[in-house]
Amino acid sequence: MTGYTMLRNGGAGNGGQTCMLRWSNRIRLTWLSFTLFIILVFFPLIAHYYLTTLDEADEAGKRIFGPRAGSELCEVKHVLDLCRIRESVSEELLQLEAKRQELNSEIAKLNLKIEACKKSIENAKQDLLQLKNVISQTEHSYKELMAQNQPKLSLPIRLLPEKDDAGLPPPKAQRGCRLHNCFDYSRCPLTSGFPVYVYDSDQFAFGSYLDPLVKQAFQATARANVYVTDNADIACLYVILVGEMQEPAVLRPADLEKQLLSLPHWRTDGHNHVIISLSRKSDTQNLLYNVSTGRAMVAQSTFYAAQYRPGFDLVVSPLVHAMSEPNFMEIPPQVPVKRKYLFTFQGEKIESLRSSLQEARSFEEEMEGDPPADYDDRIIATLKAVQDSKLDQVLVEFTCKSQPRASLPTEWALCGEREDRLELLKLSTFALIITPGDPRLLVSSGCATRLFEALEVGAVPVVLGEHVQLPYQDVLQWSEAALVVPKPRVTEVHFLLRSLSDSDLLAMRRQGRFLWETYFSTTDSIFSTVLAVIRTRIQIPAAPIREEAAAEIPHRSGKAAGTDPNMADTGDLDLGPVETEPPYASPKYLRNFTLTVTDLYRSWNSAPGPFHLFPHTPFDPVLPSEAKFLGSGTGFRPIGGGAGGSGKEFQAALGGNVPREQFTVVMLTYEREEVLMNSLERLNGLPYLNKVVVVWNSPKLPSEDLVWPDIGVPIMVVRTEKNSLNNRFLPWNEIETEAILSIDDDAHLRHDEIMFGFRVWREARDRIVGFPGRYHAWDIPHQSWLYNSNYSCELSMVLTGAAFFHKMFMLLQNHCGTKHEGLILKEGDNGSLDGLILQCGGSALQVFSIPGPTSLNASGASWRLPPPTSPTTCFLAALHVFSLKGKELWPLTQYV
């Protein structure tokens with residue numbers, strides 16, 4: 001028991017001792033681990049701290065762990081060697097870096113020199129090419145001059161007629177007078193200028209019998225005419241006004257004949273005289289019927305067959321508007337083509353042919369054979385049948401509702417007042433004109449009045465009676481404006497009128513409007529037409545049209561900043577040679593004496609008429625393409641000498657079927673000097689540029705210190721009288737080329753665009769070739785024309801802010817464009833100005849549009865214009881509209 005207990009105690013003591021040992025072992029391990037952790041972690045940190053912290057002590061012995069300076073480290077031998085190596089390598093690296101930078105600088109300089117050399121080589125090549133082109137053109141010009149067989153013509157000495165010239169041999173009969181036997185050509189040499197002397201009617205007894213309105217209008221017109229002279233000794237033609245007489249005035253034929261013989265320059269027979277009798281009323285009598293006029297020409301509205309001398313006398317239109325111009329606002333538009341009535345006629349026949357033949361008249365004694373047939377009854381029956389058939393709406397009245405106007409025997413008298421007749425004609429597609437039943441009455445004032453009124457309001461005249469003599473019939477092509485039908489075909493008139501297409505009707509209406517406005521509408525047009533007919537008959541050219549004298553503003557030219565031949569935008573196209581020779585002008589007045597012979601039909605029957613002689617026109621005949629290679633190559637520059645080509649060949653020659661030429665830039669500006677200088681600089685190096693005319697539109701002169709760029713061609717600065725956008729269209733005498741590029745001062749066109757437009761214009765010289773296109777349409781809600789600048793595939797006009805056109809249109813705008821200024825010529829209305837050029841050029845002008853840079857095409861803007869009155873007073877003429885897309889011609893639309 002005791003032993004057991006001791007065992008247990010002894011056992012218990014040993015076990016406790018073992019646990020203590022284990023616990024002490026664990027404590028040792030923990031302290032050992034902790035100690036190792038302190039040694040391994042904190043000691044490096046402390047060492048690192050002391051090694052990286054500079055000791056601030058001055059003495060070296062106090063630095064135990066602080067970092068030492070390099071010089072101290074180099075005290076060691078190996079460290080010193082390493083330091084020397086490092087310093088040497090650093091120095092060498094610095095030297096190599098300096099050499100590398102120096103070499104890079106030299107390489108950059110050499111690269112710049114290489115680029116400059118390349119550019120100079122290219123410039124030298126271009127200069128060499130230009131020099132070769134100039135030499136080639138000079139040799140070509142020399143060969144052309146040497147090969148010319150026809151020398152240049154010089155004007156002959158002007159022959160002035162003697163004061164007392166000998167009389168001509170008398171003709172066998174007065175009715176046999178023609179130009180060859182009754183006109184003295186020696187008084188009218190080709191270079192005489194066609195001087196005309198107009199008698200003062202107030203100095204003679206018959207002058208007191210004249211209608212005051214007719215006399216006053218005639219005198220005002222004569223004073224303003226370019227051909228009228230006060231020197232009767234050198235006159236080619238003498239003009240005397242004898243009618244119309246006042247209502248109560250009755251002048252016996254014998255008295256009038258006696259007074260004509262007393263004219264100071266009558267010279268016994270009146271050769272080279274023109275006796276004019278203007279009729280203001282439809283019942284004007286034939287004042288000169290029983291008057292012996294000798295060799296003098298007679299110009300009036302009424303002629304009998306026994307009195308009229310074909311090719312010598314003149315049938316003139318009545319003087320309806322004596323002292324005022326017609327009101328063009330009251331003239332109906334040309335469209336719609338078809339009107340309410342197919343045809344109309346109002347008139348009353350006062351005396352039949354049978355009763356007329358029973359009267360004792362001197363001219364009846366000369367008649368031979370049976371009396372003429374009277375178709376009036378058949379005409380009345382036929383026209384009434386057409387009206388009753390109601391196939392078409394027509395209006396025929398053979399009895400006036402009121403007292404008819406007085407008329408000649410067998411003539412259909414006019415009904416009602418002029419205003420009432422015009423209102424009816426405005427509703428008529430055709431206007432019937434029945435000639436007098438007596439065929440010996442070739443034309444009467446009543447028929448001429450009906451013709452005048454029909455043309456005025458656009459009713460196509462239908463003349464029944466082919467024997468009628470229409471005004472100026474020997475020069476005007478009446479078949480283009482009126483239908484002349486023999487009376488026996490009256491039963492076929494209805495069929496004939498219905499068979500005409502709308503396009504034919506519109507063409508006849510337009511031509512009739514042109515004839516009426518140009519030759520019949522005013523006193524000035526009638527008097528000018530009479531002189532023009534006689535001048536054309538004796539083949540004397542018209543007087544040259546007047547140009548606008550340019551008042552130049554002096555300016556200083558020099559190399560302005562930025563002016564460099566290499567700055568011009570040329571695109572990627574070969575443009576043509578830069579002309580190094582002096583600018584040359586287009587030849588002028590080459591067709592003076594052939595125009596009246598070879599171009600008579602066109603000059604009289606198309607706008608602008610025969611009243612002016614132009615230095616050059618876009619309608620001059622062009623040689624065919626083969627002519628320039630076979631005997632007619634003077635002045636031509638075919639591409640590649642005729643072989644064609646592109647690139648260098650295209651650059652060296654202008655090509656085309658007209659001789660070489662240049663163009664003039666007309667630039668309008670207003671107090672924008674910087675913008676103007678930039679635009680002028682962009683023209684530097686432009687091929688075929690002759691001159692730049694800057695229209696200075698501001699009353700303030702340019703700055704005195706302004707230096708104008710030297711672009712290789714003259715720059716003419718023109719001062720204007722007032723600020724007006726129309727100044728761009730003034731025909732300045734400084735413009736010496738046919739081609740004109742009208743451009744705004746802020747328009748930016750590349751050289752390749754300008755050259756493309758110029759080459760296109762040379763193949764379409766009668767058209768406007770430009771960049772900013774516009775479109776017009778009829779605005780139904782507002783009943784006006786809508787002028788739109790939105791982008792569209794339809795273009796109907798081209799603005800002249802950047803466009804080529806012929807100088808002839810400038811001359812026309814200045815002379816005939818202001819005729820209806822109150823109607824369409826508005827200040828600042830660019831679209832109307834373009835239309836005005838089309839108006840003067842006629843309805844045959846065709847317009848091109850070249851899509852240009854966006855700076856030239858506005859978008860989102862529209863304007864409304866007043867309704868048109870006619871194709872000749874509004875830009876809505878018949879235009880064949882095209883667009884130049886790239887280099888191809890695409891037809892877009894056609895307006896009528």
Scanning both residues in full, the closest heavy-atom pair of R450 with G347 reads NH2-CA, 3.6 Å
Taking the six-membered ring for Trp and the single ring otherwise, decide whether the centroids of F452 and F520 are under 6.0 Å apart. no
Just checking, any donor-acceptor pair under 3.5 angstrom between side chains of S444 and E411? yes
May I have all residue pairs that pass salt bridge (Lys or Arg N to Asp or Glu O under 4.0 Å) and include part of residues 298-309, sequence neighbours excluded? R309-D313
Please check if any side-chain donor atom of S525 sits under 3.5 Å from a side-chain acceptor atom of S528, or the reverse. no
Could you give the distance from CG (L613) to OG (S603), rounded to the nearest 0.5 Å? 11.0 Å
Do Y308 and F303 have ring centres separated by under 6.0 Å? yes
What residues, two or more places apart in sequence or in another chain, satisfy side chain to side chain contact (heavy atoms under 4.5 Å, CB included) together with T617? F614, F619, D620, M808
Is there a donor-acceptor pair closer than 3.5 Å between any side-chain N or O of N605 and the backbone N or O of V475? yes
Establish, yes or no, whether a centroid distance under 6.0 Å links the rings of F183 and Y185. yes
Y472 ring center within less than 6.0 Å of W604 ring center: no
Judged by modelled atom types alone, do D184 and S186 share a side-chain donor-acceptor pair under 3.5 Å? yes
Find the distance between OG (S521) and CG (L515) and round it off to the nearest 0.5 Å. 11.0 Å
So do the side chains of V315 and L470 get within less than 4.5 Å of each other, counting heavy atoms only? no
Taking all non-hydrogen atoms of both residues, which atom of P541 and which atom of N592 are closest, and how far apart? CB-O, 3.2 Å
Output the distance between atom CZ (F194) and atom OG1 (T229), rounded to the nearest 0.5 Å. 12.5 Å
Candidate pair E417 and R405, rule salt bridge (charged side-chain N to carboxylate O under 4.0 Å, His left out), full reasoning: CA-CA 9 Å; E417 299 295 333; R405 300 288 178 177; 2.8 Å; yes
Work out which heavy atom in V460 is nearest to a heavy atom in M508; give both atom names and the distance. CG1-CE, 3.8 Å
Between R175 (side chain) and A306 (backbone), is there a donor-acceptor pair under 3.5 Å? yes
Do D255 and R252 meet the salt-bridge criterion of a basic N to acidic O distance under 4.0 Å? yes
The reported gap from CZ in R421 to CD in E456 (rounded to nearest 0.5 angstrom) is 10.5 Å
Any side-chain heavy atom of M245 within less than 4.5 Å of one from L287? yes
With a cut-off of 6.0 Å (strictly less than), are more than 12 heavy atoms of other residues, nucleotides or ligands near CG of D230? no
Please check if atom CZ in R178 has more than 12 non-hydrogen atoms from other residues, nucleotides or ligands closer than 6.0 Å. yes
Of all heavy-atom pairs between P195 and I234, which one has the smallest distance, and what is that distance? CG-O, 3.2 Å
Main-chain N/O of T302 paired to Q300 side chain as donor or acceptor, under 3.5 Å: yes
Answer with yes or no after comparing the ring centroid distance for Y238 and W266 against a 6.0 Å cut-off, counting only values under it. no
Check whether any side-chain N or O of R546 sits under 3.5 Å from a backbone N or O of L811 as a donor-acceptor pair, and report yes or no. no
Interatomic distance, CZ@F430 vs OG1@T344, rounded to 0.5 Å, equals 11.0 Å
Which heavy atom in R535 sits nearest to a heavy atom in T596, and how many Å separate them? NH1-CG2, 4.5 Å
Determine which pairs satisfy side-chain hydrogen bond (donor to acceptor under 3.5 Å, both in side chains) with at least one residue from residues 196-206, sequence neighbours left out, and list them in order. Y199-H273, D202-K215
